[in-house]
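In this chain, numbering begins with 1 at the start of the sequence shown.
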Amino acid sequence: KFEVNFPNSRFLVGSLYSLVCLLGIVAVFYPKKCQNTFTFRRNATLESKSRTSEGSDLIFKGHHPNCRKFNGNRIKICGFVFCSACLGLLIGAIFAMIGTMLYFFFGTPFPLANLGILIVGIGAMLLGLVQFVFRSYVKLIVNSLFVVGSLWMLIFADLISGSLLIDLYVVGMIVFLLFTRIMLSDWNNRKICLECGSCD
């Protein structure tokens, strides 16, 4: 078995994965990039619409334009509007960070070293890549499982391989899948906006 390790390798892997989760949490609370996705829709009609305090052409609710085409991307809780995908990622990231601390930092044993858990983790991440086909609370759950599934994959890899290089490879793959998920979501948002004639 090919192994590359050092005394604090598990702490390093846990720290890198936690950093990915933290960056995701920060992105949820600072979604300006999400709103920039829709700037390509600027035209004379949009310029005549009401502007928000930030000077945006569109009024946003739950990280998305206040348009019926994006109703499936939002959920309402206690009178507050949230982006269902982002809230799901936030919930998933919180649970994933708790699991990371327990396993990678405190050494809590996890009985996850079986093929079924690996398949569930991979399935959850693949489902997360097409999360844009779901709506409201289902979208929230799918996005939560996307993050939790990534942790399952990482723990499984660590338990089976015991190799720092393998763990780092899995973290890199998780980051790649996360960016792929973001790009697919961005593509779908643009597609919805371009096909909608409401703002023309």
Side-chain angles (χ1 to χ4, degrees), residues 1-31 33-34 63 75 82-134 137-188:
K1 181 168 67 172
F2 179 64
E3 295 184 9
V4 176
N5 287 302
F6 61 90
N8 295 318
S9 60
R10 182 169 282 188
F11 180 82
L12 173 62
V13 173
S15 297
L16 287 175
Y17 182 79
S18 295
L19 178 61
V20 173
C21 290
L22 281 173
L23 291 175
I25 290 173
V26 170
V28 169
F29 289 104
Y30 296 93
K33 179 65 170 62
C34 300
H63 300 180
I75 57 175
F82 298 94
C83 170
S84 53
C86 289
L87 185 58
L89 291 173
L90 174 62
I91 294 171
I94 291 172
F95 277 104
M97 287 190 69
I98 293 172
T100 300
M101 287 189 293
L102 290 174
Y103 178 79
F104 288 100
F105 299 153
F106 298 114
T108 303
F110 274 64
L112 299 180
N114 62 74
L115 185 60
I117 291 297
L118 177 63
I119 292 174
V120 170
I122 293 174
M125 291 207 74
L126 292 178
L127 199 61
L129 292 179
V130 294
Q131 53 83 34
F132 54 83
V133 303
F134 301 103
Y137 286 96
V138 176
K139 181 179 288 237
L140 182 150
I141 294 170
V142 168
N143 278 278
S144 296
L145 291 177
F146 176 81
V147 184
V148 175
S150 71
L151 177 62
W152 288 348
M153 289 176 56
L154 182 57
I155 292 177
F156 179 88
D158 184 72
L159 287 171
I160 295 300
S161 71
S163 168
L164 174 61
L165 285 183
I166 296 297
D167 287 355
L168 293 178
Y169 172 79
V170 173
V171 171
M173 184 178 66
I174 290 170
V175 172
F176 172 76
L177 290 175
L178 177 60
F179 275 102
T180 301
R181 178 227 167 275
I182 292 171
M183 288 188 292
L184 287 172
S185 181
D186 181 71
W187 166 81
N188 185 66

- Message: Distance check, rounded to the nearest 0.5 Å: Phe95 atom CZ versus Leu145 atom CG?
- Response: 11.0 Å

- With side chains defined as the heavy atoms from C-beta onward, is the minimum distance between Tyr103 and Leu159 less than 4.5 Å? yes

- Minimal non-hydrogen separation, Cys21 against Met97, with atom names: CB-CG, 3.5 Å

- Leu184 and Thr180, any side-chain heavy atoms less than 4.5 Å apart: yes

- Query: Side chains of Val20 and Leu178: closer than 4.5 Å at any heavy-atom pair?
  - Reply: yes

- Note on the structure: When every non-hydrogen atom of Leu177 is compared with those of Leu129, the smallest separation belongs to O-CD2, 3.5 Å

- Message: To check you understand the geometry: which heavy-atom pair defines the closest contact between Gly92 and Val148, and what is its length?
- Response: O-CG2, 4.0 Å

- Note on the structure: So SG of Cys83 and CG of Leu90: to nearest 0.5 Å the spacing works out to 11.0 Å

- Which heavy-atom pair separates Val13 from Asp167 by the least distance, and what is that distance? CG2-CB, 3.6 Å

- Are Leu22 and Val26 side-chain neighbours, meaning at least one heavy-atom pair lies under 4.5 Å? no

- Do Val171 and Leu154 have side chains that get closer than 4.5 Å, going by heavy atoms? yes

- Enter the distance from Ile141:CD1 to Ile91:CD1 here, rounded to the nearest 0.5 Å. 9.0 Å

- Ala85 versus Arg181, closest heavy-atom pair with distance: CB-NH2, 3.6 Å

- Item | Phe104 side chain reached by Leu12 side chain, heavy atoms, under 4.5 Å | no

- Message: Is any side-chain heavy atom of Gln131 closer than 4.5 Å to one of Phe146?
- Response: no

- Task: For side chain to side chain contact (heavy atoms under 4.5 Å, CB included), just list the numbers for Asn143 and Phe134, CA-CA rounded to whole Å, side-chain angles, deciding distance to a tenth of an Å, and then say yes or no.
- Result: CA-CA 10 Å; Asn143 278 278; Phe134 301 103; over 6 Å; no

- Any sub-3.5 Å donor-acceptor pair from Ser150's side-chain atoms to Val147's backbone N or O? yes

- Item | Any donor-acceptor pair under 3.5 Å from Thr100 side chain to Ala96 backbone | yes

- Query: Between Phe105 and Phe11, how do the two ring planes meet: parallel, tilted or perpendicular, split at 30° and 60°?
  - Reply: tilted

- Below 4.5 Å, heavy atoms only, C-beta onward: do Ile75 and Lys139 meet side chain to side chain? no

